[in-house]
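Notes follow the structure.
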Amino acid sequence: MRYLLLDRILEIEAGAFAVGVKTPAMSEDYFNDHFPGFPVMPGVLLVEAMAQLSGRLLAYTVLATERRQVLPVLLTVQNARFRHFVRPGDRVVLRSKLLGLNENAGRCQVAAQVGEQTVATAEMMLGFDAAGETGVIPGEIRATLFTWANQVNHALLEGAKLTPPLASLEASAC
Amino acid sequence: MATTHSAEEVLKIRQTADHVLATREQEIITKVRQAVAEVLGREEDEIQPSASLIKDLNAESLDFLDLLFRLESVFGIKIPRGGIQRATQGSLTDAEFQQNGVLTEAALERLRILMPEVDPARLQPGLTVREIPALFTSVTFARLVAWRIGEQPAASASPAGAATADNNA
């Protein structure tokens with residue numbers, strides 16, 4: 001399993017919200033053990049999916065408002081609730097809403113749904129490591145990580161509805 | 001001259017906070033205590049006005065970040081980065097504010113005005129910049145909130161405040 005807990009991002013409105021999807025496949029390794037004969041997506045992985053989506057929302061927001069590239073890092077998870085099981089093949093739709101933002105960090109409220117049913121909810125804070133500055137990520141691998149994040153971003157965002165459009169940001173960034 | 005000007009600057013902040021607290025002190029203190037209790041996982045009655053969030057309640061910088069976000073959404077205000085630190089230093093240059101990490105008399109003067117809740121005996125020469133956060137109590141944050149409420153233009157009282165990203169960074 002690669003540690004990408006999103007298949008696709010459907011929509012991001014900078015400064016407001018993001019919507020992403022994950023459909024865990026029966027072929028995921030963890031379903032062998034969690035649990036044998038009763039495969040259930042681990043709640044911590046749902047939290048990671050929420051964090052990855054929130055990270056994209058925050059990074060996009062900072063890019064749109066400040067033309068600054070940041071790598072969000074998970075700081076807190078609060079009020080995480082796992083309400084229903086997620087089974088192999090379930091299409092989990094995640095919605096992250098921006099609750100607060102400053103130069104160092106952002107706070108989001110996230111809900112995961114399968115169909116009409118809310119399967120998990122949580123609130124989380126993510127701190128920012130900015131490109132070209134020092135931060136919690138060691139200097140020598142920062143550039144590599146930012147490149148990697150960009151690649152993942154582009155794949156995830158393909159076909160997504162983005163406000164403002166990505167092209168307008170890339171044209172003005174750097 | 002810098003000292004006099006700088007004292008005026010913080011007096012204005014102090015007066016703004018005092019003015020708001022004159023009518024809303026109980027409400028603000030109560031909500032701040034609730035937020036502090038939630039962030040630190042404590043009972044509300046443990047959040048005594050004199051309790052240092054760091055020394056007595058084991059708060060860390062992460063908790064302050066969390067607290068500021070909560071206060072922004074509870075009160076519909078925007079707290080600038082390093083709200084307290086920034087207000088404390090204001091227009092003073094680094095050299096006017098501290099020498100080798102030790103606060104200057106001008107800095108101490110500002111702290112005495114901005115943080116009337118702190119026993120003046122603790123704001124004596126020798127206090128370092130790094131010791132400032134240990135002075136913070138729930139009252140410090142109530143005063144910070146009151147200041148921000150007072151600074152807010154009356155018309156733009158948006159409910160969630162931080163629901164949209166600001167461009168003012």
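Protein chains get the first letters and strands the later ones, always in sequence-line order, with residue 1 at the start of each.
When each of D63(B), V39(B), L62(B) is checked for a side chain to side chain contact (heavy atoms under 4.5 Å, CB included) with T76(A), only L62(B) meets the rule.
No chain of hydrophobic side-chain contacts below 4.5 Å, direct or via other Ile, Leu, Val, Met, Phe, Trp or Tyr residues, connects V139(B) to I132(B). V40(A) and V44(A) fall into different hydrophobic clusters, where Ile, Leu, Val, Met, Phe, Trp and Tyr residues are linked whenever their side-chain heavy atoms come under 4.5 Å apart, directly or through other members. Residues L6(A) and M41(A) are members of one and the same hydrophobic cluster, defined by side-chain heavy-atom contacts under 4.5 angstrom among Ile, Leu, Val, Met, Phe, Trp and Tyr. Linking ILVMFWY residues whenever their side-chain heavy atoms come closer than 4.5 Å, directly or via other members, places L169(A) and L101(A) in the same cluster.
Between the side chains of E72(B) and N102(A), no donor-acceptor pair is found at a separation under 3.5 Å.
Counting heavy atoms from C-beta on, the side chains of D66(B) and Q78(A) come closer than 4.5 Å.
Put simply, CG on L68(B) and CE on M125(A) are 9.5 Å apart, with the number rounded to the nearest 0.5 Å. The CG atom of L99(A) sits 10.0 Å away from atom CZ of R70(B), with the distance rounded to the nearest 0.5 Å.
A ring pair (Phe, Tyr, Trp, His ring centres under 6.0 Å) check over residues 72-98 of chain A, counting only residues at least two apart or in different chains, returns the pairs F38(A)-F85(A).
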